[in-house]
Amino acid sequence: MVRRPTPAALARAAALLRKGEVVAFPTETVYGLGANALDEEAVRKVFALKGRPDDNPLIAHVADRRMLARLVTRVPPAARALADRFWPGPLTLVLPKRPSVPDTVTAGLPTVAVRMPSHPVALALIRAAGVPLAAPSANRSGRPSPTTAAHVAEDFPGLLVLDGGPCAHGLESSVVALEPRPRLLRPGAIPLEALRELVPDLTVARRRAGQPVESPGLKYRHYAPSRPLVLYRPSRVAALIADAAADPHAVVLGPDVLAPHVPAHRFVPLGTTAEEIGRSLFAALRTDRPGSVLLVLGLRRSGVGRTVMDRLERAATRVV
Ligand code: TXA
Ligand code: MG
């Protein structure tokens with residue numbers, strides 16, 4: 001059930017969360033599948049609903065610094081500086097956890113990932129529930145993250161979804177760990193360059209072994225649309241245009257500037273700037289435009305373009 005976030009709907013959602021149930025809610029990045037982060041059983045329901053492997057920890061969403069203090073033992077100076085600048089907003093900090101945070105949330109790690117979202121409905125819901133909300137993106141495991149309430153309803157019919165409109169960023173939060181060294185664990189809505197203004201020695205964590213960028217095995221695919229996806233590097237735009245012309249079953253996703261070069265009825269324009277493309281990407285990956293393969297033009301790896309490329313590489317069956 002998709003519901004407008006009226007005071008009554010918020011109160012109902014908060015009551016469900018306090019009873020240990022799962023509710024989907026909007027954030028400025030993507031929609032989240034939320035449960036009381038301090039309730040082990042409730043958090044298990046999130047893993048089960050999503051079909052998420054239990055070795056992949058969740059982010060705890062807080063509404064204020066007091067709630068943060070209930071989850072972590074310490075906030076290193078660099079983490080404090082990042083939080084001062086980017087919270088509330090699309091930044092997740094990995095911090096040493098208190099024993100009261102269930103191992104289910106953190107997948108047994110000694111750290112917990114915490115974020116203070118800026119979406120007013122997310123903040124209102126956390127405050128009304130009075131507890132931090134553990135929430136992964138509200139998609140079934142492997143599917144593109146949801147950027148509208150309708151996407152969540154598509155993956156989880158029957159679940160209460162608070163409708164906060166389309167997500168402002170459309171890409172997940174940037175995940176940063178500070179200890180033992182500052183690392184960007186997941187590129188996200190806040191570009192690496194902006195994070196480095198505050199933490200100059202921030203490095204980009206390497207991808208997990210067994211997940212080569214050039215040919216991600218099918219079983220490692222994330223953000224996957226329901227058909228094969230071929231990703232073209234920006235320098236290979238001519239190859240994309242040729243392949244699109246040769247294959248009448250190809251659907252093309254790319255920046256608006258591609259429009260004159262590909263058949264209009266088989267083109268899904270993503271926008272002009274990297275931010276616009278990031279905002280429309282996940283919805284576009286869910287496109288129902290008829291065709292058997294998606295050909296996607298990638299972006300330069302700077303700013304939000306780096307995040308868009310990360311998501312596309314994980315979604316791709318082949319990179320050209
Ligand atoms: O924007 C977002 O972050 C969205 C919205 C709903 O807030 N949430 C989201 O959650 O993307 P999810 O579960 O799809 O991704 C959580 C990421 C994963 O890459 C996970 O491995 C990492 O955060 N993570 C969580 N806890 C961690 C920890 N203790 N140490 C390292 N990484 C952690
Ligand atoms: Mg996710």
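Numbering of ligands and ligand atoms starts at 1, following listing order. Everything numeric in this text was worked out from a predicted model, so none of it was measured.
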May I ask whether [X] places a heavy atom under 4.0 Å from ligand 1?
X	value
Lys97	no
Leu109	yes
His169	no

Q) Checking side-chain contact (heavy atoms from CB on, under 4.5 Å) for the pair Val176/Val199: CA distance, chi angles, key distance, verdict? A) CA-CA 10 Å; Val176 174; Val199 185; over 6 Å; no
So, taking the atom named [atom1] in [X] and the one named [atom2] in [Y], what distance separates them when rounded to the nearest 0.5 Å?
X	Y	atom1	atom2	value
Tyr31	Asp163	OH	CG	4.5 Å
Asp54	Asp103	CG	CG	11.5 Å
Arg80	Leu82	CZ	CG	11.5 Å
Asn139	Arg286	CG	CZ	6.5 Å
Leu171	Thr29	CG	OG1	8.5 Å

Which residue and heavy atom of the protein sit nearest [atom], plus the separation:
atom	answer
atom 6 (C) of ligand 1	Gly32 CA, 3.7 Å
atom 31 (C) of ligand 1	Leu185 CD1, 3.6 Å
atom 16 (C) of ligand 1	Ile59 CD1, 3.6 Å
atom 5 (C) of ligand 1	Thr29 OG1, 3.5 Å
atom 27 (C) of ligand 1	Pro57 CG, 3.4 Å
atom 18 (C) of ligand 1	Asn56 OD1, 3.9 Å

Salt-bridged, [X] to [Y], with N to O below 4.0 Å?
X	Y	answer
Asp64	Arg70	no
Glu28	Arg115	yes
Arg44	Glu41	yes
Asp310	Arg306	no

Enumerate the atoms of ligand 1 whose separation from the nearest heavy atom of [X] is less than 4.0 angstrom.
X	value
Pro136	10 (O), 12 (P), 13 (O)
Arg115	1 (O), 2 (C), 3 (O), 5 (C), 7 (O)
Val94	30 (N), 31 (C)

Q: Given side-chain contact (heavy atoms from CB on, under 4.5 Å), test Val304 with His169 step by step and report yes or no.
A: CA-CA 10 Å; Val304 170; His169 293 285; over 6 Å; no
Q) Excluding waters, how many protein N/O/S atoms sit closer than 2.8 Å to the Mg ion (ligand 2)? A)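 Considering protein N, O and S only, the Mg ion (ligand 2) has 1 within range.
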Before signing off on this row, confirm whether [X] and ligand 1 have an N or O atom pair separated by under 3.5 Å.
X	answer
Arg186	yes
Ser173	yes
His61	yes
Thr111	yes
Ser137	yes

Q) Looking only at heavy atoms, which two atoms of Arg266 and Asp247 are closest? And how far apart? A) NH1-O, 3.2 Å
**Q.** Heavy-atom pair of closest approach, residues Glu193 and Gly303
**A.**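 Smallest interatomic distance, heavy atoms only, reads OE2-N, 3.0 Å.
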Q. Could you go step by step and tell me if Lys45 and Asp39 meet the salt bridge (charged side-chain N to carboxylate O under 4.0 Å, His left out) rule?
A. CA-CA 10 Å; Lys45 287 182 191 166; Asp39 178 342; over 6 Å; no
